[in-house]
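Here's the structure, in structure tokens; my notes come after.
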Amino acid sequence: MRTGFGYDSHRLIKRRKLIIGGAEIPFEKGLAGHSDADVLCHAIIDSLIGALGLGDIGKHFSDTEPAWKDASSIALLKNIIEMVNRDGFKVLWIDSTIIAERPRLSPYIDSMKKALSGAGIPPELINIKAKTNEGMGFTGRGEGIAAYAVCLLRKI
């Protein structure tokens, strides 16, 4: 068995779609980043890469690489799930937390699970929690959104 921990955060900016967990969330701002800046996917990716002992997301999907410009983070996650399987592991569980003052994310959790399942993680193996930061820090001031994820892998 292996565990991995992941974290990601991005600034909120105007004129960008808000994509979290592969789901498009209606909001007046989106997240800044080289890819679609999906903080939840990036945190999950980092947890999986960490469990494999293979560095972090930047090592695999550099923000200077043109191929990843505006890339779907679901596609990036699918690539990492294939790596997990190729290395002889199976995802047993993903637990994650998204921290955002706005928008309210709980109505979109099922959509996120469905989108994440498209990368190869069955929805019943994914837990997603949405929290605020009670007005504190960059997330509390509405400047950005952050996500944390923990994974459990089993050697097969």
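From a predicted model like this one, the values you see are computed outputs, not experimental measurements. Excluded from the calculations below are hydrogen atoms, water molecules and symmetry mates; all remaining heavy atoms, backbone and side chain alike, are included.
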When you measure from the side chain of R102 to the backbone N and O of F27, does any donor-acceptor pair fall under 3.5 Å? no

Would you say the side-chain atoms of K113 pair up with the backbone N or O of G21, donor to acceptor, closer than 3.5 Å? no

Shortest non-hydrogen contact between T139 and A146, atoms and distance: CG2-N, 3.9 Å

Under the ring pair (Phe, Tyr, Trp, His ring centres under 6.0 Å) rule, what pairs show up with a residue in residues 73-127, not counting sequence neighbours? none

With rounding to the nearest 0.5 angstrom, report the CG to OG1 distance, L40 to T97. 9.5 Å

Taking the side chain as everything from C-beta on, heavy atoms only, tell me whether I19 gets closer than 4.5 Å to L31. no

Non-hydrogen atoms of S106 and A130 that approach each other most closely: N-CB, 4.2 Å

Once rounded to the nearest 0.5 Å, what's the spacing between atom CE of M1 and atom CG of L152? 5.0 Å

For K14, does its backbone N or O pair with a side-chain atom of E28 as donor and acceptor, under 3.5 Å? no

Can you measure from CD1 (I80) to NE2 (H42) and round to the nearest 0.5 angstrom? 11.0 Å

Does anything in residues 128-156 form a ring pair (Phe, Tyr, Trp, His ring centres under 6.0 Å)? List the pairs, not counting sequence neighbours. Y7-Y148

Is I25 close to M112 at the side-chain level, that is, under 4.5 Å between some pair of heavy atoms? yes

With a 4.5 Å heavy-atom cut-off, do V150 and S47 have their side chains touching? no

Is the backbone N or O of E82 less than 3.5 Å from a side-chain atom of N79, with the two atoms forming a donor-acceptor pair by type? no

Flag side-chain contact, heavy atom, 4.5 Å: L52 against L153: yes

Determine the minimum heavy-atom distance between V39 and I145, stating which atoms define it. CG1-O, 3.5 Å

Within the distance-only criterion (no hydrogens, no angle test), does the side chain of T132 pair as donor or acceptor with the backbone N or O of I99 below 3.5 angstrom? no

For residues H60 and L54, determine if any side-chain heavy atom of one lies less than 4.5 Å from a side-chain heavy atom of the other. yes

Please report the shortest heavy-atom distance between R154 and L92, naming the atom on each side. CB-CD1, 3.5 Å

D38 vs S73, side-chain hydrogen bond (donor to acceptor under 3.5 Å, both in side chains): CA-CA, chis, key distance, verdict: CA-CA 6 Å; D38 184 331; S73 294; 5.1 Å; no

Side chain proximity check, D8 to I57, heavy atoms < 4.5 angstrom: no

What is the distance from atom SG of C41 to atom NZ of K78, rounded to the nearest 0.5 Å? 13.0 Å

State the NZ-CZ distance between K29 and R11, to the nearest 0.5 angstrom. 10.5 Å

Can you tell me how far CG of L48 sits from CZ of R2, rounded to the nearest 0.5 angstrom? 12.0 Å

Is it true that, when you exclude D110 itself, more than 12 heavy atoms of the residues, nucleotides or ligands shown sit nearer than 6.0 Å to its CG? no

Which one of D95, L105, I109 satisfies the side chain to side chain contact (heavy atoms under 4.5 Å, CB included) criterion with K129? D95

Any donor-acceptor pair under 3.5 Å from K17 side chain to E24 backbone: no

